[in-house]
Participant: 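This is the structure, below, for whatever I ask next.
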Amino acid sequence: MTTLPTTAIIGAGSSGIAAAKALHEAGLPFDCFEASDRVGGNWVFGNRNGMSAAYRELHINTSRDRMQFSDFPMPKSYPDFPHHTQIAAYFDDYVDHFGFRDAIRFETAIEHARQRPDGTWELECAGGATRTYDMLVVANGHHWDARWPEPAFPGSDVFAGTQMHAHDYRDNAFLRDKDVVVLGMGNSAMDIAVESSQVARSTHLAARRGAWIVPKYLFGKPMDQLPHSTVVPDRITYKIFELFVRLHTGSPEHYGLPKPDHRFAQAHPTVSGRILDRISHGAITPRPNIAALGPDWVRFSDGTQVHADVVIYCTGYRITFPFFAPDFLAAPDNRIELFRRVFKPGNPSLAFVGLLQPLGAIMPLAEAQGAWLADYLHGRYHLPSRRALEAEIRRDGERMRKRYVASKRHTIQVDFDRYLVDLARERRRGAERARRTGFALPVPARTGAAPEPAVAR
Ligand SMILES: Cc1cc2nc3c(=O)[nH]c(=O)nc-3n(C[C@H](O)[C@H](O)[C@H](O)COP(=O)(O)OP(=O)(O)OC[C@H]3O[C@@H](n4cnc5c(N)ncnc54)[C@H](O)[C@@H]3O)c2cc1C
Ligand SMILES: NC(=O)c1ccc[n+]([C@@H]2O[C@H](COP(=O)([O-])OP(=O)(O)OC[C@H]3O[C@@H](n4cnc5c(N)ncnc54)[C@H](OP(=O)(O)O)[C@@H]3O)[C@@H](O)[C@H]2O)c1
């Protein structure tokens, strides 16, 4: 009987549990380490790990049927765009349905992950206990380390009001009767500007770049469920979608928003069914980028100036791995070169799950990555040569640079359907490579068939 490699998964958010479920079903030995006392990561409002960006009124913006795992549908009683409490409950139920809760080590944050010369891993938990594994799967999420404007705006050090990042926004109670400036054109900015507009004296939505505002529904269906063939070239599909959006809402400029400097789908989608309505009511005033702040004011790049009590920076997130030594692995400017967003060339015992930003939901893609990893760890899939991996990464990077607006938010983009089709094809090719080598294990079992008990230092 073959001894299988042991695996550690860092994180039990939706990506970590997708990987854990795949390994569990494939009979692979693993432990999943979770800093919090529960699964669900970002979707647990007020998560005690301090990493959730969920606000009280957060609803998903990818629709229910797009977000659910393929073999565990969300309850039909859920609406098309459920509330965060429903999403967190769904992930919790997933773990019990597939029965792998025992493999999750809750309240066990990994502080250091060190790779030994033989490729195995030594993980150090908070508190000092260490464990060793053959394989490391990183699923620590990429929407928790707030990216503030870089560099800070002139005068931000003298502004006497509140400056905060969207990550720390919970609800609009503190905005009542305040003058509020919200910066950004992503989904955080849309939601927070709308919430602010319900209670604030004034809400200004500042942006350095325009965006196509995607409605939640088109033709009575959630927009992300409209038929989308991977046979039709993407540029044609997205031209059609742009036309639909133009017919539905008109151009963003019509509402006083900046004209997008790109075509539809050349930026991560900004989805909102409410922002244009609030702008059209005069409850939100579009502005260009912030130029400077004073003690109680914000000036914009067109020279206009407003009184401000609160500035909310909805300026995105940094991809970070605090448990790796920076000279081992980091993602400067959110760049990290991975084969199909999972494998690092030259390091067969390291993989990432959920580290991608789809036009669509992350969860089914993390599920597919988990199944891929299970095949890999069993020796049923073999990676191409290192040179081939690097060539594919270069091509992928080139495609992304050509397609997307240059921004730190567009470094790990994928198209939902195309990613799944390409991954299925790659798995078939890798299965053939594995067959040719007699299904040798790409990650040898060195640390023992079962994860060893924790050793306190
Ligand atoms: C406000 C907001 C709304 C969003 N809405 C959508 C949406 O509608 N649809 C969509 O597809 N995506 C959405 N996203 C993207 C979001 O990244 C995913 O929904 C999802 O949370 C990704 O899951 P994850 O498991 O990769 O990361 P997370 O949910 O961040 O989970 C990571 C987990 O890893 C754990 N962890 C991290 N570091 C360690 C460590 N060192 N040791 C142990 N445990 C660790 C954390 O405690 C956490 O539980 C949204 C993001 C934000 C910020
Ligand atoms: N309801 C929901 O489901 C929901 C709600 C919130 C967030 N989310 C998800 O959470 C993730 C993060 O979204 P996000 O909106 O927080 O971040 P984001 O998508 O990265 O958007 C950041 C925005 O800030 C702008 N920006 C960054 N730095 C700036 C600077 N220095 N000056 C001016 N503008 C700056 C960016 O402009 P450029 O484009 O020019 O870089 C962009 O408009 C996304 O996946 C999103 O879909 C979902």
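Position 1 is the first residue of the sequence, and the numbers go up from there. The figures here come from the full heavy-atom set of this structure, side chains too, leaving out hydrogens, waters and symmetry mates. First listed ligand is number 1; within each ligand, the first listed atom is number 1.
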Participant: Would you mind running through ligand 1 and noting each atom that sits below 4.0 Å from a heavy atom of Phe323?
Facilitator: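 Those of ligand 1 that fall under 4.0 Å from Phe323 are 41 (N).
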Participant: If we set the cut-off at 4.0 Å for heavy atoms, which region of His268 has an atom near ligand 2: side chain, backbone, both, or neither?
Facilitator: side chain
Participant: Select one of side chain, backbone, both or neither to describe which atoms of Asp191 lie under 4.0 Å from any atom of ligand 2, heavy atoms only.
Facilitator: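 It is the side chain that touches ligand 2; the backbone stays farther off.
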Participant: Could you check whether Asp261 pairs with Arg208 (Lys NZ or Arg NE/NH1/NH2 to Asp/Glu carboxylate O, under 4.0 Å)?
Facilitator: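 No salt bridge links Asp261 with Arg208.
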Participant: Any nitrogen or oxygen of Ser15, main chain or side chain, under 3.5 Å from a nitrogen or oxygen of ligand 1?
Facilitator: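 Checking ligand 1 against Ser15, an N or O pair does fall under 3.5 Å apart.
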Participant: Using heavy atoms and a threshold below 4.0 Å, how should the contact between Phe81 and ligand 2 be classified: side chain, backbone, both, or neither?
Facilitator: neither
Participant: Under 4.0 Å, heavy atoms only, figure out whether ligand 2 is touched by the backbone of Leu58, its side chain, both or neither.
Facilitator: side chain
Participant: Looking at ligand 2, would Ala166 count as a contact under a 4.0 Å heavy-atom criterion?
Facilitator: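 Under 4.0 Å: no for Ala166.
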Participant: Looking at Tyr94, I'd like to know if the NZ or CZ of Lys21 sits under 6.0 Å from its six-membered ring centre while staying within 45 degrees of the ring's axis.
Facilitator: no
Participant: Check if Asn187 has a non-hydrogen atom at a distance under 4.0 Å from any atom of ligand 1.
Facilitator: no
Participant: Taking distance alone, with N or O pairs closer than 3.5 Å, would you say Ile110 contacts ligand 1?
Facilitator: yes
Participant: List every atom of ligand 2 that sits less than 4.0 Å from any heavy atom of Pro149, numbering the atoms from 1 in the order shown and giving each element.
Facilitator: 31 (N)
Participant: So which heavy atom in the protein is nearest atom 17 (O) of ligand 2, and how far is it from that ligand atom?
Facilitator: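 Scanning the protein heavy atoms, the shortest distance from atom 17 (O) of ligand 2 goes to Gly316 CA, 3.4 Å.
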Participant: What protein heavy atom lies closest to atom 39 (C) of ligand 1? Include the residue and the distance to one decimal.
Facilitator: Ile10 CG2, 3.8 Å
Participant: What part of Ile290, side chain from CB on, backbone N/CA/C/O, both or neither, has a heavy atom under 4.0 Å from ligand 2?
Facilitator: neither
Participant: Would you say ligand 1 has an N or O under 3.5 Å from any N or O of Asn42?
Facilitator: yes
Participant: Quick one, Phe321 with Phe352, criterion ring pair (Phe, Tyr, Trp, His ring centres under 6.0 Å). Give me CA distance, side-chain angles, the key distance, then yes/no.
Facilitator: CA-CA 11 Å; Phe321 313 106; Phe352 295 78; 5.4 Å; yes
Participant: Does Tyr404 come within less than 4.0 Å of ligand 2, judged by its heavy atoms?
Facilitator: no
Participant: If you count the atoms of ligand 1 from 1 in the order shown, which ones are under 4.0 Å from a heavy atom of Ile60?
Facilitator: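 Those qualifying, in numeric order: 8 (O).
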Participant: Can you tell whether the side chains of Asp234 and Arg399 come within less than 4.0 Å, N to carboxylate O?
Facilitator: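 Not counted as a salt bridge, because no side-chain N and carboxylate O are separated by less than 4.0 Å.
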Participant: Can you tell me which residue and heavy atom of the protein come closest to atom 19 (O) of ligand 2, and the distance to 0.1 Å?
Facilitator: Arg409 NH2, 3.0 Å
Participant: Does one side chain, of Gln163 or Ser156, offer a donor that lies under 3.5 Å from an acceptor on the other?
Facilitator: no
Participant: Salt bridge or not between Arg401 and Glu398? Use side-chain N to carboxylate O under 4.0 Å.
Facilitator: yes
Participant: In the protein, which heavy atom is nearest to atom 15 (C) of ligand 1, and how far is it?
Facilitator: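 So the nearest neighbour among protein heavy atoms is His143 ND1, 3.3 Å.
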Participant: Return a yes/no value for Cys314: is any of its N or O atoms, backbone included, closer than 3.5 angstrom to an N or O of ligand 2?
Facilitator: yes
Participant: Checking side-chain polar atoms at under 3.5 Å, does Tyr169 have a donor or acceptor matched by the opposite partner on Glu195?
Facilitator: yes
Participant: Would a line drawn from the ring center of Tyr419 to the ring center of Trp372 be shorter than 6.0 Å?
Facilitator: no
Participant: Tell me: protein heavy atom nearest atom 27 (O) of ligand 1, and distance?
Facilitator: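 For this ligand atom, the closest protein heavy atom is Gly141 CA, 3.2 Å.
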Participant: Side chain or backbone, does Tyr317 bring an N or O within less than 3.5 Å of an N or O on ligand 2?
Facilitator: no
Participant: Quick test: of every protein heavy atom, which one is nearest to atom 13 (O) of ligand 2, and how far off is it to 0.1 Å?
Facilitator: Ser188 OG, 3.9 Å
Participant: Does ligand 1 have any atom that is closer than 4.0 Å to a heavy atom of Met363?
Facilitator: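 True for this residue.
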Participant: Salt bridge or not between Glu124 and Arg114? Use side-chain N to carboxylate O under 4.0 Å.
Facilitator: yes
Participant: When you check the side-chain N and O atoms of Arg287 and His204, is any donor under 3.5 Å from an acceptor?
Facilitator: yes
Participant: For atom 34 (O) of ligand 1, what's the nearest protein heavy-atom neighbour? Residue, atom name and distance, please.
Facilitator: Gly11 CA, 3.2 Å
Participant: Please list the nearest protein heavy atom to atom 8 (O) of ligand 1 with its residue and the distance rounded to 0.1 Å.
Facilitator: Asn61 N, 2.9 Å
Participant: Is any NZ, NE, NH1 or NH2 atom of the basic residue among Arg38 and Asp92 found under 4.0 Å from an Asp or Glu carboxylate oxygen of the other?
Facilitator: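 Result for this pair is no, no salt bridge flagged.
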Participant: Using distance alone, with no hydrogens and no angle criterion, decide if Gln225 and Asp80 have a side-chain donor and acceptor under 3.5 Å apart.
Facilitator: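 No, no side-chain donor-acceptor contact under 3.5 Å.
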Participant: Does the distance from a Lys or Arg side-chain N to an Asp or Glu carboxylate O, for Asp309 and Arg176, drop under 4.0 Å?
Facilitator: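 Judged by the 4.0 Å cut-off on N to carboxylate O distance, Asp309 and Arg176 do not form a salt bridge.
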Participant: Do you see a donor-acceptor pair shorter than 3.5 Å between the side chains of Thr62 and Asp224?
Facilitator: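 Side chains of Thr62 and Asp224: no pair found under 3.5 Å.
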Participant: Starting from atom 5 (N) of ligand 1, what is the nearest protein heavy atom, named by residue and atom, and what distance separates them?
Facilitator: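 Nearest neighbour among protein heavy atoms for atom 5 (N) of ligand 1, to 0.1 Å: Trp43 CZ2, 3.2 Å.
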Participant: I'd like the name of whichever of Ile60, Asn187, Asn61 reaches closest to atom 46 (C) of ligand 2 through any heavy atom.
Facilitator: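 Closest candidate by heavy-atom distance is Asn187.
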Participant: Students should be able to answer this: which protein heavy-atom is nearest to atom 44 (N) of ligand 1, and at what distance?
Facilitator: Ala35 N, 3.0 Å
Participant: Of the protein's non-hydrogen atoms, which lies at the shortest distance from atom 43 (O) of ligand 2, and what is that distance?
Facilitator: Met185 N, 2.9 Å
Participant: Restricting to non-hydrogen atoms, name the atom on Phe264 and the atom on Tyr238 that form the minimum distance, rounded to 0.1 Å.
Facilitator: CD2-O, 3.7 Å
Participant: With the threshold set at under 4.0 angstrom, would you say Ser14 reaches ligand 1 through any of its heavy atoms?
Facilitator: yes
Participant: Can you report which non-hydrogen protein atom sits closest to atom 37 (O) of ligand 2, along with the distance?
Facilitator: Arg208 NE, 3.5 Å
Participant: Quick check for you: to the nearest 0.5 Å, what is the distance between Ile213 atom CD1 and Ile279 atom CD1?
Facilitator: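 Reported to 0.5 Å precision, the distance equals 7.0 Å.
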Participant: Looking only at distances, can you tell me whether any N or O atom of Met67, backbone or side chain, sits closer than 3.5 Å to an N or O atom of ligand 1?
Facilitator: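 No.
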Participant: Pairs of nitrogen or oxygen atoms closer than 3.5 Å, one from Asn49 and one from ligand 1: do any exist?
Facilitator: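 The answer is yes, given that Asn49 and ligand 1 share an N or O pair closer than 3.5 Å.
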Participant: For Tyr317 versus Ala53, what's the shortest heavy-atom pair and its separation?
Facilitator: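 Answer, listing the atom of Tyr317 first, then Ala53: OH-CB, 3.5 Å.
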Participant: Go through the side-chain N and O atoms of Thr304 and Asp302 and say whether any donor and acceptor fall under 3.5 Å apart.
Facilitator: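 Present: a donor and an acceptor within the cut-off.
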Participant: I want to know whether His97 and Tyr90 have ring centres closer than 6.0 Å.
Facilitator: no
Participant: Does either side chain, that of Asp179 or that of His307, offer a donor lying less than 3.5 Å from an acceptor on the other one?
Facilitator: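 A pair is found: one side chain offers a donor N or O, the other an acceptor, under 3.5 Å apart.
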Participant: How far is atom 48 (C) of ligand 1 from its nearest protein heavy atom, and which residue and atom is that?
Facilitator: Glu34 OE1, 3.5 Å
Participant: Quick one about Thr447 and Asp134 (side-chain donor to acceptor, distance below 3.5 Å, no hydrogens or angles considered), yes or no?
Facilitator: yes
Participant: Got the closest protein heavy atom to atom 45 (O) of ligand 2, with its distance?
Facilitator: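 The closest heavy atom on the protein side is Gln357 NE2, 2.6 Å.
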Participant: For atom 5 (C) of ligand 2, which protein heavy atom lies nearest, and how many Å away is it?
Facilitator: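 The closest one turns out to be Tyr55 OH, 3.0 Å.
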Participant: Please report which non-hydrogen protein atom sits nearest to atom 11 (C) of ligand 2, along with the residue it belongs to and the distance in Å to one decimal place.
Facilitator: His143 NE2, 3.3 Å
Participant: Give the atoms of ligand 1, by number and element, whose distance to some non-hydrogen atom of Thr62 is under 4.0 Å.
Facilitator: 7 (C), 8 (O), 9 (N), 10 (C), 11 (O)
